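Each remark here refers to the structure printed beneath this line.
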Amino acid sequence: MAGFAELGLSSWLVEQCRQLGLKQPTPVQLGCIPAILEGRDCLGCAKTGSGKTAAFVLPILQKLSEDPYGIFCLVLTPTRELAYQIAEQFRVLGKPLGLKDCIIVGGMDMMAQALELSRKPHVVIATPGRLADHLRSSSTFSIKKIRFLVLDEADRLLEQGCTDFTVDLEAILAAVPARRQTLLFSATLTDTLRELQGLATNKPFFWEAQAPVRTVEQLDQRYLLVPEKVKDAYLVHLIQNFQDEHQDWSIIIFTNTCKTCQILCMMLRKFGFPAVALHSTMRQKERFAALAKFKSSIYRILIATDVASRGLDIPTVQVVINHNTPGLPKIYIHRVGRTARAGRQGQAITLVTQYDIHLVHAIEEQIKKKLEEFSVQEADVLQILTQVNVVRRECEIKLEAANFGEKKEINKRKQLILEGKDPDLEAKRKAELAKIKQKNRRFKEKVEQALQRQKASRADHRGRPPRARPEARLAPAPTQGPA
Ligand SMILES: Nc1ncnc2c1ncn2[C@@H]1O[C@H](COP(=O)(O)OP(=O)(O)OP(=O)(O)O)[C@@H](O)[C@H]1O
């Protein structure tokens with residue numbers, strides 16, 4: 001198998017890899033590094049934890065060492081934490097170059113960032129919103145001459161999710177040169193391939209890992225069917241068992257809202273578990289502090305919303321628990337990909353209520369693998385049921401008294417003012433964006449319905465009725481009220 005040197009990387013970079021313990025290139029690195037060194041655009045789609053970051057960082061550093069100037073490379077990424085993680089990889093691998101990098105993300109001081117940008121760093125790693133703000137408000141830097149544009153988690157940057165990057169991306173794309181190399185990476189790139197291909201037009205090289213299953217083999221994937229009302233008792237039971245059976249452990253629990261995230265964190269702490277929360281309504285400094293404490297195992301449990309579902313590389317994570325079944329299979333793929341990274345073992349347990357069975361089927365269809373049932377001693381769960389429900393209620397009351405929702409609004413407004421924006425104008429802009437999104441959604445739905453009708457009428461023509469939906473594989477468990 002080819003080593004890093006055979007891929008065309010210089011000896012100093014091969015030595016950097018060796019020092020970091022990267023002995024052999026991973027398949028995505030084997031595929032993409034030579035193409036990037038050749039000057040081609042690249043779309044790299046490989047499973048979570050397979051080394052996509054180094055697949056773009058290494059060839060960029062090589063090209064930078066041949067012709068160093070600032071700003072040479074711009075990396076865009078959907079979350080702030082991920083921006084810091086990517087910067088770290090550039091710093092470590094590019095140390096012999098004396099690499100200057102600059103991180104441009106929301107929630108941090110804008111003036112300090114503007115100053116850093118004006119010093120022409122070699123590499124800028126940014127979230128789209130904040131970089132677009134700088135482009136609109138400052139003329140002290142330029143990205144007109146960048147040689148590389150990287151979109152990490154490219155499909156997320158292009159989709160219209162709860163944070164819509166499209167307007168900011170347009171502003172950024174208008175400011176970068178047409179003659180550049182564009183590199184797009186994600187574990188779920190194929191879902192938005194058509195949109196992405198429009199961005200990478202310079203002899204694009206598409207690399208996709210060929211595998212029958214879309215999640216990693218070393219990942220043990222389970223579901224646990226739980227009645228909605230007793231979910232938290234199951235969660236406490238799972239964690240207690242895991243803590244009893246393992247010495248050195250770390251768990252990430254994903255939730256669907258910031259409020260649930262906060263309540264679960266309070267609740268688990270009341271039970272004496274070392275838990276810390278990470279969600280978008282926390283101040284940025286608190287977010288970084290929480291992640292740092294989890295990474296250094298001061299806290300063993302990270303309870304997070306989907307701000308942590310993509311890209312974060314924390315090798316010690318052995319288990320991912322989905323407190324809610326993700327509504328989209330690709331969110332599932334990224335969430336469970338926080339464990340079993342770089343060849344390690346890992347386990348993912350998804351709590352599934354009677355209302356979520358169709359979501360599990362959609363996930364299984366996408367990942368091309370059936371989840372197995374995780375069994376627990378229900379009698380043990382019943383024993384703690386009342387206590388868990390009482391503690392949860394106490395936490396809810398405490399959070400309501402602390403005006404969590406209101407504080408969230410106030411924090412948002414404060415942040416906007418700090419960023420030099422008018423909160424009311426921003427609210428108007430958001431409302432307009434939401435309207436456009438809703439219009440787009442309706443349009444998409446109409447198209448889908450028309451396609452369905454076409455399909456059905458074709459099936460009628462052939463005299464075959466459309467296929468009936470398969471029976472739900474998971475039978476709903478009996479609902480159990482709190483004792
Ligand atoms: N050639 C290699 N040999 C061994 N380990 C590697 C190699 N390349 C990268 N790694 C390690 O693998 C881990 C995962 O890499 P990385 O974070 O780049 O994954 P990814 O493919 O971007 O995952 P995700 O899709 O979740 O973002 C990192 O800890 C990284 O240091």
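Both counts, for ligands and for their atoms, begin at 1 and track the order of listing. Computed from a predicted structure; not experimentally measured.
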Show which atoms of ligand 1 fall inside a sub-4.0 Å distance from at least one heavy-atom site of [X].
| X | value |
| --- | --- |
| Phe4 | 1 (N) |
| Arg338 | 26 (O) |
| Glu153 | 27 (O) |
| Ala342 | 12 (O), 13 (C) |
| Ser50 | 19 (O), 20 (P), 21 (O) |
| Lys47 | 21 (O) |
| Thr26 | 1 (N), 2 (C), 7 (C) |

Measure the distance from [atom] to every protein heavy atom, then report the residue, atom name and distance (to 0.1 Å) of the closest one.
| atom | value |
| --- | --- |
| atom 17 (O) of ligand 1 | Arg341 NH2, 3.0 Å |
| atom 6 (C) of ligand 1 | Leu22 CD2, 3.4 Å |
| atom 13 (C) of ligand 1 | Asp313 OD1, 3.6 Å |
| atom 27 (O) of ligand 1 | Gly311 CA, 3.2 Å |
| atom 25 (O) of ligand 1 | Lys52 NZ, 2.7 Å |
| atom 8 (N) of ligand 1 | Gln29 NE2, 2.8 Å |

Q | Closest to atom 18 (O) of ligand 1 among Ile86, Val92, Thr53 (heavy-atom distance) | A | Thr53
Q: Check each of Gln89, Gln24, His334 against atom 3 (N) of ligand 1 and report the one with the nearest heavy atom.
A: Gln24
Q | Separation of Arg335 CZ from Lys330 NZ (nearest 0.5 Å) | A | 14.0 Å
Q. Going from CG on Leu184 to CG on Asp152, what distance comes out if it is rounded to the nearest 0.5 angstrom?
A. 10.0 Å
Q: Look only at the side chain of Arg180 and the backbone of Pro177, and say whether a donor-acceptor pair between them is shorter than 3.5 Å.
A: yes
Q. Does Gln318 use its side chain to pair, donor to acceptor, with the backbone of Gln347 at less than 3.5 Å?
A. no
Q) When you check the side-chain N and O atoms of Gln181 and Arg147, is any donor under 3.5 Å from an acceptor? A) no
Q.
Does either side chain, that of Arg344 or that of Gln218, offer a donor lying less than 3.5 Å from an acceptor on the other one?
A. no
Q.
Quick check: Ala54 and ligand 1, any N/O pair under 3.5 Å apart?
A. no
(Q) Is it the case that the ring center of Tyr223 lies less than 6.0 angstrom away from the ring center of Phe374? (A) no
**Q.** Check: Leu302 and Ile253 side chains under 4.5 Å, non-hydrogen atoms
**A.** no
(Q) For a 4.5 angstrom cut-off between non-hydrogen side-chain atoms, does Leu278 reach Val307? (A) yes
Q | salt_bridge(Lys52, Asp313) N-O dist < 4.0 Å | A | no
Q.
Between the side chains of Arg300 and Asp248, is the shortest nitrogen-to-carboxylate-oxygen separation below 4.0 Å, so that they form an ion pair?
A. yes
(Q) When you measure from the heavy atoms of Gly49 to every atom of ligand 1, does any distance fall below 4.0 Å? (A) yes
